[in-house]
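First comes the structure, then the notes that go with it.
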Number of protein chains: 2
Amino acid sequence: MSDKPTTIKEIAKILKISVSTVSRALNDHSSIGLTTKMRVKKLAAELNYEPNQKAIQFLQGKSHIIGVILPELSESFFSTAISGIEDVAYKRNYTVLLAQSHDDADREKLLVEKMKTQRVDGLLVSVSKTTSTYEHFEVFKKLNIPVVFFDRIPPIKDIHYVASNLENGTYEAVNFLLKKGHRTIGMINGPTTLVASHERKEGYIKAMISNRLKFDPSLIVSCDLSESGTIEVMNTMLNHRRKPTAIVTFNDYVALFAMRHTRSLELEGIDFVSYANLPIINYMDYTPIASVEQFPYKQGKKAADILIDLINRPKNETGTEQAYFNVVVESELIIPNPK
Amino acid sequence: MSDKPTTIKEIAKILKISVSTVSRALNDHSSIGLTTKMRVKKLAAELNYEPNQKAIQFLQGKSHIIGVILPELSESFFSTAISGIEDVAYKRNYTVLLAQSHDDADREKLLVEKMKTQRVDGLLVSVSKTTSTYEHFEVFKKLNIPVVFFDRIPPIKDIHYVASNLENGTYEAVNFLLKKGHRTIGMINGPTTLVASHERKEGYIKAMISNRLKFDPSLIVSCDLSESGTIEVMNTMLNHRRKPTAIVTFNDYVALFAMRHTRSLELEGIDFVSYANLPIINYMDYTPIASVEQFPYKQGKKAADILIDLINRPKNETGTEQAYFNVVVESELIIPNPK
DNA sequence: TAATTTTGCGCAAACGTTTGCTCACTGGTT
DNA sequence: AACCAGTGAGCAAACGTTTGCGCAAAATTA
């Protein structure tokens, strides 16, 4: 017993009606009588009937699967984002095919291929750090399979994406420090090539301007984000003719390195503000006094929603005048309750 | 152009041969002449033909998808494990359908349902903390869909599982502390209901015995793993007539709480050993001096391998004499290089 | 009562691929 | 000349479901 799953055919045979009637009855089609519907549904329930998704997907040419390619699940940003993606997907009756590129461009390419052969209905991508060409995504455009990028956006035109804007979060952060009385605020920024670095800088400058303070470019330093790199720029900062009393760091790791360094120099009283990456920050003894939140869950959710909308949009008229979704999730300064 | 993907039919029509010949040619069937094969393959390549997986899956009743249900991807154990799963899956031409239970038994149940309707070929599960009934997995047994549990194993019989054995890792840990000269070693253990707690305790006892030391049960305390709970049992320990000079903690969080507490009491010189959960431990100022590693990547890999083996095993003779895979991955003490 | 509409259901095609059979050749052996 | 084995290829069924179309019976209208 309980060998092969029940099919619509068996139900039809037992009830001595046609398969089409059974199908329509189960789908509440209007042309089926109430009594027949009831009979069919009752038997279907008894037999634990479940439609064979593969057959349906095959018939309709839809897999109801969305592919997700992201760099690293062990980065909490992504593991949180995937929760948002997952939740949306499940709510809208899609399932998530997951793959990590591990920040390897070649692997990413391969995964994109896999996604294609699996015939996903749509693709969600956060590109790897090492990806420098983007043709492998073009294929999907040709196949009319929507692709939505999130967080790590490739520098090309005509794409859908969801990203966070760090400018206003940074603005808030610097403003917060200024309100606290700081007048000399340093910033350990990332590589200047990153959009994210640029946004941070802009936010910093805007905050200074709106407070009618003059902006000193030498207080913003670039860093490779490693521990040694951080220590190096920290030393530069500390030897600056205007020694900062507060520092905004590129991320929590940099903040950690920097704070550790100041403690090793037995310097006290520098306030740090960082960008939220690590949940573990809650368990630390020394933490930044505030943090710019990027809402990864929300970003994932939004991206998935857009993707599924795109999948289900009415067939566009032969490709002309495509609209591209470019959503920006605003970042926000989070100030923890002081213990 | 590039509208719908190429099908085998179109190739057949162009070449004026039958679909079956095309199919066989592409699959290198022996009954097709070499010249025909070449012609077919050439054209297929030109047309960017790719077999429609959905059709094949439907035909063969196989989805080549394995479902993975685990509690929390933000726990590094799981995000590492999934990498192992993923790698195996991709190597063996399966794809991974991911879902998180967020340690919610109801959600887990729902996800299991989803996996069933998606007709996954197999299921990999690490059960949620709150799961107390296990019938929802029984369905799969009936459907002959293999289920492999990993790390968090339900306390029921006749299941496949991969888990880590913490006993020997704990043994090594305690041994290590003894070699370092400690004679009074405390252990902050988890709830006694957990298998994992039991294994830790056993390892502890074995180490003591093999060093011809007598085991003092009062040095092992149970804890709910919260911060307040940890502080409480730490106080008990510190007031013990034999104050421990080293403590083995249930996990890194507990270690963190405990270490923070001792520092707040300005106690120095207690050595801590923990179990590896947090990569971030590398960034901390105060860390355990050693850690028991559970090899999540390896566990995930192993579990996925077993699952796929099960999926592809020859049809077992009407269910009799099923063998169950119970694989134990040994844990291991990792002693970081002193800085 | 006849003509028309509505209601309820069945027939059969279609989706893309695989595979068991069948069949027509070709070449070689009696 | 008759037979057989082997080779190469086609026919058609099958997988489970949806859906356009058609058709009969029942209900409504004239």
Side-chain angles (χ1 to χ4, degrees), chain A residues 3-41 43-44 47-65 93 116-121 143-144 312 315, chain B residues 3-41 43-44 47-65 93 116-121 143-144:
Chain A
D3 206 358
K4 291 292 142 199
T6 317
T7 74
I8 223 173
K9 279 188 183 174
E10 309 177 43
I11 298 183
K13 193 184 285 176
I14 297 177
L15 258 35
K16 295 192 200 311
I17 56 179
S18 76
V19 272
S20 44
T21 304
V22 177
S23 170
R24 281 189 253 255
L26 290 171
N27 293 317
D28 270 329
H29 196 280
S30 62
S31 82
I32 300 296
L34 194 57
T35 43
T36 314
K37 270 186 195 169
M38 304 242 292
R39 290 208 308 144
V40 170
K41 285 186 180 174
L43 184 62
L47 263 41
N48 285 317
Y49 169 75
E50 286 188 19
N52 183 333
Q53 297 297 333
K54 274 175 228 141
I56 298 175
Q57 292 170 5
F58 164 55
L59 181 62
Q60 309 185 332
K62 294 266 168 199
S63 62
H64 273 253
I65 294 178
N93 220 3
K116 195 179 65 188
T117 65
Q118 276 290 336
R119 297 271 217 279
V120 295
D121 285 346
L143 291 172
N144 239 319
N312 296 315
K315 277 276 158 274
Chain B
D3 206 357
K4 291 291 142 202
T6 317
T7 73
I8 224 173
K9 281 188 183 176
E10 309 177 42
I11 298 183
K13 193 185 286 177
I14 297 178
L15 258 36
K16 296 193 199 310
I17 56 180
S18 75
V19 272
S20 43
T21 304
V22 176
S23 171
R24 282 189 253 255
L26 290 172
N27 293 317
D28 271 328
H29 195 279
S30 61
S31 83
I32 301 296
L34 193 58
T35 44
T36 313
K37 271 186 195 169
M38 303 244 292
R39 290 207 310 146
V40 171
K41 286 186 179 172
L43 185 61
L47 262 41
N48 284 318
Y49 169 76
E50 287 188 20
N52 183 334
Q53 296 298 333
K54 272 175 230 139
I56 298 175
Q57 292 170 5
F58 164 54
L59 220 214
Q60 310 185 332
K62 293 266 168 197
S63 62
H64 273 252
I65 294 178
N93 220 6
K116 194 178 65 187
T117 65
Q118 276 290 337
R119 297 272 217 278
V120 295
D121 285 346
L143 292 172
N144 239 319

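Sequence lines set the chain letters: A, B, ... in the order given, protein chains first and strands last, and positions in each chain run from 1. Keep in mind it's a predicted model, so treat the numbers as computed, not measured.
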Nearest heavy-atom neighbours spanning [X] and [Y]:
X	Y	result
B/K41	B/A25	CE-O, 3.6 Å
A/P5	A/E10	O-OE2, 3.7 Å
A/T117	B/E50	CG2-OE1, 3.4 Å
B/Y49	B/T6	CD1-O, 3.4 Å

Item to check | Relative orientation of the end axes in the helix from C/dT1-D/dA30 to C/dT30-D/dA1, expressed as an angle to the nearest 10° (five pairs per end) | outcome: 60°
Item to check | CD on A/Q53 to CG on A/N93, rounded to 0.5 Å | outcome: 7.5 Å
Checklist outcome for this item: The reported gap from CD1 in A/I56 to NE2 in A/H64 (rounded to nearest 0.5 angstrom) is 9.0 Å
Item to check | Heavy-atom side-chain proximity of A/Q118 to B/Q57 below 4.5 angstrom | outcome: yes
Write down the distance between [atom1] ([X]) and [atom2] ([N]), rounded to a whole number of angstrom.
X	N	atom1	atom2	answer
B/H29	D/dG10	NE2	P	14 Å
B/I32	C/dG20	CD1	C1'	14 Å
B/L26	D/dA9	CG	C1'	15 Å
B/L34	D/dG8	CG	P	9 Å

Next on the checklist: How would you summarise protein contacts on nucleotides 13-26 of chain D per nucleotide, using B for base, S for sugar-phosphate only and - for none, with heavy-atom distances below 4.0 Å?
Outcome noted: --BBBBBB------
Next on the checklist: Given 3.5 Å as the limit, does a donor-acceptor pair link the side chain of B/D121 with the main chain of B/S63, or not?
Outcome noted: yes
